[in-house]
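One structure is given here, and the rest of the page talks about it.
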Amino acid sequence: VSILFKDNMDVSVSDHHDYGEGRVLLLNTEIRGKGITLVNIYALNVEQTRSNFFKNIQEWILQKAKYSKNIMIAGDSNCCLRDSDRNTKTHIGDKSRIMMKNMLSALNVHDCWESNDAKVPHFTWSDNTVKSRLDYICINKNTNVSIKILETRIVISDSIGARMTD
C-alpha cells in the first residue's frame with residue numbers, strides 16, 4: 001500500500017508505521033498546518049483472517065496514531081460494509097464486515113459516502129457480473145477535514161477507482 005501527495009501540497013510527515021507485511025501504512029502528518037493520521041489498508045481475501053486483521057489493526061492504529069481525533073482510513077477492505085454495497089446477496093454472511101464496523105466505530109470514523117450520496121450505489125469492483133463496493137474512505141465524525149468531491153469511475157476492466165479531492 002502507499003499514500004501519495006501532490007507535488008505542491010503543504011504536507012509534512014512526522015513518522016510512519018507499517019503493519020502486516022505491507023498491508024497497512026500509517027502516516028502521522030500535518031497537512032496545511034492541521035494534524036491528521038492517514039491510514040491506508042489492503043485487507044486479506046479470506047474471511048476469517050480478514051476478521052482477525054480488522055480486530056488487530058484497530059488496536060495498532062490506536063497505539064500509533066498521533067492524531068487520534070483526526071484519522072482518515074482509506075483502502076481496499078475486501079468486504080462490503082452494507083447490504084447495498086453489492087448487487088448480489090452472497091456477502092451477507094461475511095462476519096468480517098462486522099469486525100470492520102466494530103473497528104470503524106472504535107476509531108470514531110465513518111464512511112464518507114454516507115454523508116454524500118449513500119442512496120446511489122457506487123461500486124468500486126466488478127467482474128462484469130458481480131459489482132461490489134470494497135474500497136472506502138473513512139474520516140472522524142467530528143473532524144476538521146472535509147471532502148468536497150467523491151466520485152467513482154472505471155479505471156481498468158475489473159476494477160473501479162475512487163477519487164477524492166478537497
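The figures that follow rest on heavy atoms only: side chains count, while hydrogens, waters and symmetry mates do not.
The closest side-chain heavy-atom distance from Thr29 to Lys66 is not below 4.5 Å. Looking at heavy atoms from C-beta onward, Ser96 lies out of side-chain contact with Phe53 at the 4.5 angstrom threshold. Contact annotation: the side chain of Ile31 approaches that of Leu38 to within less than 4.5 Å [non-hydrogen atoms, C-beta and beyond]. Looking only at side-chain heavy atoms (C-beta outward), Lys55 and Met103 stay at 4.5 Å or farther from each other.
Under the 4.5 Å side-chain heavy-atom criterion for ILVMFWY residues, no single connected hydrophobic cluster contains both Ile98 and Leu44. By the rule that hydrophobic residues join a cluster once side-chain heavy atoms approach within less than 4.5 Å of another member, Met99 and Val46 end up as members of separate clusters.
Scanning all heavy atoms of the two residues, the minimum distance from Ser77 to Met100 falls at CB-SD, 3.4 Å. Minimum interatomic distance between Lys64 and His17 (heavy atoms only, all atoms of both residues): CD-ND1, 3.7 Å. Here the closest non-hydrogen pair linking Tyr67 and Thr37 is N-OG1, 3.1 Å. Across Asn78 and Ala43, no two heavy atoms sit closer than the pair ND2-O, 2.7 Å.
Without hydrogens or angle criteria, Ser105 side chain to Lys101 main chain gives no donor-acceptor distance under 3.5 Å. Panel note: side chain Asn45, backbone Arg50; no donor-acceptor pair is recorded below 3.5 Å. No donor-acceptor pair closer than 3.5 Å links the side chain of Asn70 to the backbone N or O of Ile36. In this structure, the side chain of Asn40 engages the main chain of Ser2 through a donor-acceptor pair within 3.5 Å.
Between atom CG of residue Leu27 and atom OG of residue Ser14 there is a gap of 9.0 Å, rounded to the nearest 0.5 Å.
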With side chain to side chain contact (heavy atoms under 4.5 Å, CB included) as the test, would you mind laying out the steps for Asn102 and Phe54 before giving the verdict?
CA-CA 8 Å; Asn102 291 344; Phe54 288 130; over 6 Å; no

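Remark: of the listed residues Asn56, Ile41, Leu25, Asn56 is the sole one forming a side chain to side chain contact (heavy atoms under 4.5 Å, CB included) with Tyr19. Screening Ile57, Val1, Leu26 against Val39 for a side chain to side chain contact (heavy atoms under 4.5 Å, CB included) leaves a single residue, Leu26. With Ile73 as reference, Leu107 is the one residue of Ile139, Asp111, Leu107 to meet the side chain to side chain contact (heavy atoms under 4.5 Å, CB included) rule.
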